[in-house]
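Each chain gets a letter, A, B and so on, in the order the sequences are listed, and its residues count up from 1. Quick caveat, the model's predicted, so the values are computed rather than measured.
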There are 2 protein chains.
Amino acid sequence: MTKTKTQAAARTLPLNTILAGDCVEEMRKLPEGSVDLIFADPPYNLQLKGTLHRPDNSMVDAVDDAWDSFASFAAYDAFTESWLAEARRLLKPDGAIWVIGSYHNIFRVGAKMQDAGFWILNDVVWRKANPMPNFRGKRLTNAHETMIWAGKSETSKYTFNYEALKALNEGVQMRSDWVLPICNGGERLKDANGDKAHPTQKPESLLHRVLIGTSNPGDVVLDPFFGTGTTGAVAKMLGRDFIGIEREPSYRKVAEARIATVRRLEKEALQVSTSRRAEPRVPFGQLVERGMLRPGEILTSANGKAAKIRADGTLIADETRGSIHQVGAALEGAPSCNGWTYWHFRRDGKPVPIDVLRQQIRAEMRARPS
Amino acid sequence: MTKTKTQAAARTLPLNTILAGDCVEEMRKLPEGSVDLIFADPPYNLQLKGTLHRPDNSMVDAVDDAWDSFASFAAYDAFTESWLAEARRLLKPDGAIWVIGSYHNIFRVGAKMQDAGFWILNDVVWRKANPMPNFRGKRLTNAHETMIWAGKSETSKYTFNYEALKALNEGVQMRSDWVLPICNGGERLKDANGDKAHPTQKPESLLHRVLIGTSNPGDVVLDPFFGTGTTGAVAKMLGRDFIGIEREPSYRKVAEARIATVRRLEKEALQVSTSRRAEPRVPFGQLVERGMLRPGEILTSANGKAAKIRADGTLIADETRGSIHQVGAALEGAPSCNGWTYWHFRRDGKPVPIDVLRQQIRAEMRARPS
DNA sequence: AGGTGGACTGAATCACTGG
DNA sequence: GCCAGTGATTCAGTCCACC
């Protein structure tokens with residue numbers, strides 16, 4: 001996939017619209033490698049209605065006259081294979097997918113995802129704060145649903161906004177279990193009769209976390225089982241582009257109206273915390289070249305090790321010489337060492353991490369981008 | 001299966017012993033329809049690649065045992081099919097099975113269970129109170145494992161002690177997500193060198209809940225992947241009979257010694273490990289995810305400072321960005337600041353502390369406790 | 001005895017760039 | 001594609017040494 005090809009594909013994408021029709025057929029019309037993220041909430045009733053397609057687009061003759069669980073599972077598997085194959089084709093090489101389901105279907109779907117070449121990154125449990133109780137007292141309260149997050153392939157460089165999710169979780173790493181309330185109250189869409197417009201409307205909080213954590217503003221997000229458009233509504237709010245596919249006219253109608261009322265957030269609200277990894281690289285030698293540190297100067301570590309700076313930006317200590325990282329690692333007998341935080345220089349008689357100097361340079365770069 | 005036949009089978013069962021050998025071969029020797037409950041903790045097929053270091057450069061002790069290594073998904077599937085088939089043969093018609101796994105294997109196992117005719121009753125999430133963090137910040141903390149609870153068939157009249165589980169849960173219906181600590185401390189078995197005797201020992205609290213909830217005293221409980229015998233230890237304590245199967249002599253030895261020290265409980269029952277009850281932590285980000293506050297909205301302080309909410313639950317004001325506490329502290333030039341009482345949003349034209357919203361969420365949590 | 005601080009650990013599919 | 005170099009990254013809990 002060349003850049004040109006990708007851009008050409010993007011121009012032809014039906015962004016921010018809801019495609020009417022069967023998701024497999026509609027996905028087949030879209031160009032390969034054009035989507036950043038997919039969120040899929042496939043049906044999981046095993047009494048399947050309508051036609052199902054295998055990956056080769058042949059029809060599956062679903063058995064519904066006699067209850068035959070094997071035939072029913074086979075039909076569901078064929079359906080799963082076919083939509084997963086199209087979904088994977090549409091993803092960019094570094095794209096990723098989320099699929100949500102319950103114990104009725106998620107195991108079959110997860111196995112098919114692995115078979116299709118998706119690389120599972122996490123399974124995430126949506127723990128419902130207010131689930132429906134089990135009235136008959138014959139089982140446990142079914143209080144969660146399972147989401148699978150997977151990269152297109154094992155080598156995909158998927159998007160993961162680690163710091164943003166950490167910020168959402170009070171400064172502690174986000175876990176694989178998410179406690180969020182189900183969708184009810186004013187958020188729950190109603191039809192003209194006042195009945196719920198869709199049986200399994202997902203809460204916007206769930207999509208908020210998914211999109212903040214695993215996509216960036218401007219990304220293309222596809223939802224092949226669009227329903228009443230939670231994915232589209234949250235995507236629009238968060239400055240992502242969406243493509244929805246939905247077969248039922250009544251759902252499409254509700255979704256259109258819903259999304260029309262959503263306002264895109266302004267740019268500033270969309271920016272999220274980023275990790276240091278995304279900052280530009282600054283070679284240590286630049287500190288020497290700029291005169292912030294002088295050749296011959298001594299750097300020290302917190303535990304009393306010392307090394308001398310050489311004119312080419314390498315260090316020398318005892319018998320060891322090399323980069324700030326290499327010398328630090330050697331002195332500590334460690335496999336690796338972040339020299340930026342390990343080494344200190346003296347300012348006003350106190351040891352200061354050399355990382356402070358790197359931060360100075362980065363601040364200058366932000367003020368006067370080269 | 002007649003009653004006479006069942007009783008005859010029971011007489012020949014190797015109760016409360018550990019069978020040495022491959023689980024499929026050993027199960028073949030046992031009579032069909034003779035077991036009430038199976039708990040299975042099969043290899044997860046983790047597929048780990050290189051070594052992993054913590055940020056402090058210490059090495060993570062990975063599961064690299066030969067028994068967890070499979071050539072391919074197909075090989076793992078074949079293994080799964082074969083042990084599931086024997087397990088199902090051994091179950092009484094009203095018997096049930098528990099299988100535990102992680103995202104690496106549980107989807108494949110669950111699908112094979114359905115294919116074999118097992119009827120899934122619940123999937124249960126073991127939410128680890130103290131999981132290992134994600135050290136590289138590349139994924140979510142893998143903080144849970146999944147258990148599948150299934151009847152031998154759709155018509156099985158499985159055992160479910162509804163009231164006992166409700167009692168274990170402070171009078172509220174037991175849910176499908178269980179918060180329990182991992183097995184460490186004194187419960188974690190060590191070998192002669194002081195190293196862990198088994199890489200994946202399960203906590204007794206987990207088996208306690210499983211056996212209390214889905215078996216009765218006197219039942220026969222089979223564990224085909226016995227390991228160091230957590231199932232046997234808890235079964236003995238709770239007055240169930242167990243059959244263990246384990247291939248590794250070292251694990252069998254540890255398990256024998258362990259179970260020998262267990263005393264059957266008389267009546268002083270049920271010491272379930274309970275997690276500490278503190279006021280639940282509510283991340284500020286959750287107010288944003290739930291739509292109680294919107295990204296882009298302005299928060300104000302009593303003394304006229306202002307900040308804007310970002311989509312990841314951080315604030316931005318002038319040049320400062322960070323958590324509600326960090327930004328508050330920065331604006332005040334203070335070492336710390338309680339953002340919950342410092343920041344206000346507007347409701348009916350009046351400033352209201354955001355802590356009010358946190359109280360709302362906590363009230364909901366109290367009304368529907370975990 | 002009681003409290004404190006540091007070391008250690010747990011089923012983990014855990015990086016990316018430039019030459 | 002491979003290799004070498006840089007440098008980013010952790011939470012809850014237990015245990016032990018030491019005041």
Side-chain angles (χ1 to χ4, degrees), chain A residues 114 118-123 150-151 154-155 157-158 160 162-163 166 169-176 274-285 313-314 322-326 328-329 334-343 354-355 358, chain B residues 41-65 67-70 73 100-106 126 128-146 179 181-188 190 194-196 198-203 225 227 273 275-276:
Chain A
Q114 291 180 311
F118 287 106
W119 191 248
I120 299 183
L121 300 166
N122 278 115
D123 60 335
E154 188 177 348
T155 54
K157 296 191 187 82
Y158 54 91
F160 183 56
Y162 176 76
E163 292 293 343
K166 194 170 167 179
N169 197 34
E170 286 276 277
V172 186
Q173 208 171 67
M174 184 69 78
R175 300 168 37 118
S176 58
T274 54
S275 67
R276 240 183 302 178
R277 200 177 270 121
E279 299 273 314
R281 274 176 59 157
V282 176
F284 175 73
T314 57
S323 72
I324 52 172
H325 315 295
Q326 289 168 333
S336 70
C337 170
N338 185 341
W340 290 106
T341 52
Y342 181 80
W343 292 111
I354 58 175
D355 201 33
R358 183 170 64 162
Chain B
D41 182 9
Y44 287 8
N45 190 22
L46 285 186
Q47 304 172 266
L48 301 175
K49 303 255 161 42
T51 56
L52 179 64
H53 291 88
R54 296 185 170 80
D56 65 3
N57 274 328
S58 66
M59 208 168 64
V60 174
D61 185 15
V63 177
D64 54 1
D65 306 71
W67 51 253
D68 195 46
S69 173
F70 293 83
F73 280 140
I100 185 168
S102 68
Y103 68 83
H104 310 83
N105 72 322
I106 197 64
W126 168 28
K128 301 180 184 182
N130 46 350
M132 181 156 59
N134 184 296
F135 295 115
R136 306 301 291 269
K138 302 303 294 180
R139 301 183 179 194
L140 302 162
T141 307
N142 194 3
H144 74 276
E145 294 188 23
T146 301
V179 181
I182 61 175
C183 179
N184 60 9
E187 189 187 328
R188 188 83 195 214
K190 302 283 167 41
D195 300 323
K196 53 191 176 190
H198 192 284
T200 70
Q201 186 183 341
K202 295 294 174 288
F225 306 96
S273 40
S275 52
R276 255 172 288 179

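In this structure, B:Asn142 and A:Asp123 approach most closely via the heavy-atom pair OD1-OD1, 4.4 Å. B:Asp68 approaches B:Asn45 most closely through the heavy-atom pair OD1-N, 2.7 Å. Between B:Lys202 and B:Cys183, the shortest heavy-atom contact is C-CB, 4.0 Å. When all heavy atoms are compared, the tightest approach of A:Ser176 to B:Ala143 is OG-N, 2.8 Å.
Rounded to whole Å, the distance from CG on B:Asp65 to C1' on C:dA12 is 14 Å. Across the protein-nucleic acid pair, B:Asn142 atom CG and D:dA12 atom C1' stand 16 Å apart, rounded to whole Å. If you take CG of B:Asn184 and P of D:dC16, they are 13 Å apart, rounded to a whole angstrom. One atom, CZ of B:Phe225, and another, P of C:dA11, lie 18 Å apart when rounded to the nearest Å. Atom pair A:Glu279:CD and C:dA15:P shows a separation of 21 Å (rounding to whole Å applied). Summarising the geometry, the separation between CD1 on A:Ile120 and P on C:dA12 is reported as 17 Å, rounded to the nearest angstrom. Atom NE2 of B:His104 and atom P of C:dA12 are 8 Å apart (whole Å). Atom C1' of nucleotide C:dA7 and atom CE of B:Met59 are separated by 17 Å, given to the nearest angstrom.
Counting heavy atoms from C-beta on, the side chains of A:Tyr342 and A:Asp355 never come closer than 4.5 Å.
Considering OH of A:Tyr162 and CZ of B:Arg136, their distance stands at 11.5 Å, rounded to 0.5 Å.
The residue B:Gly101 sits apart from the nucleic acid: no heavy atom pair falls under 4.0 Å. Using a 4.0 Å heavy-atom cutoff across all strands shown, B:Thr200 reaches at least one base atom of the nucleic acid.
Between the C1' atoms of D:dA8 and C:dA11, the separation comes to 25 Å (whole Å). The gap from the P atom of C:dC14 to that of D:dA12 amounts to 23 Å, rounded to the nearest Å. The C1' atoms of C:dA12 and D:dA4 are separated by 25 Å, rounded to the nearest whole Å. Between the P atoms of C:dG10 and D:dT9, the separation comes to 25 Å (whole Å).
Checked by distance alone, B:Lys202 brings a side-chain donor or acceptor within 3.5 Å of a matching partner on the base of C:dA11.
A salt bridge does not link B:Asp195 to B:Lys190: none of the charged nitrogens lies less than 4.0 Å from a carboxylate oxygen. Look at A:Glu154 and B:Lys49 and you find a salt bridge, because one of the NZ, NE, NH1 or NH2 atoms lies within 4.0 Å of a carboxylate O, short of that distance.
Counting only heavy atoms from C-beta on, B:Ala62 has its side chain closest to C:dA12 among C:dA12, C:dA11, C:dC16.
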When every nucleotide of nucleotides 3-10 of chain D is labelled 5' to 3' by its protein contacts under 4.0 Å (heavy atoms), B for base, S for sugar-phosphate only, - for none, what sequence of letters results? --SSBBBB
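When ring centroids are compared, B:Trp67 and B:His198 come within the 6.0 Å threshold.
Residue whose closest nucleotide on DNA chain C sits further toward the 5' end, between B:Val60 and A:Lys157: B:Val60. Nearer the 5' end of DNA chain C, as judged by each residue's closest nucleotide, is the contact made by B:Lys196, out of B:Lys196 and B:Gln47.
Tested against B:Phe135 for a side chain to side chain contact (heavy atoms under 4.5 Å, CB included), the candidates B:Thr141, B:Asp56, B:Leu52 yield a single pass: B:Leu52.
Paired runs in DNA chain C that reach 3 or more consecutive Watson-Crick or G-U pairs, where each pair keeps both distances under 3.5 Å, cover C:2-10 with D:11-19, C:15-19 with D:2-6.
Between B:Lys138 and the phosphate of C:dA12, there is no side-chain N or O to OP1/OP2 separation shorter than 4.0 Å.
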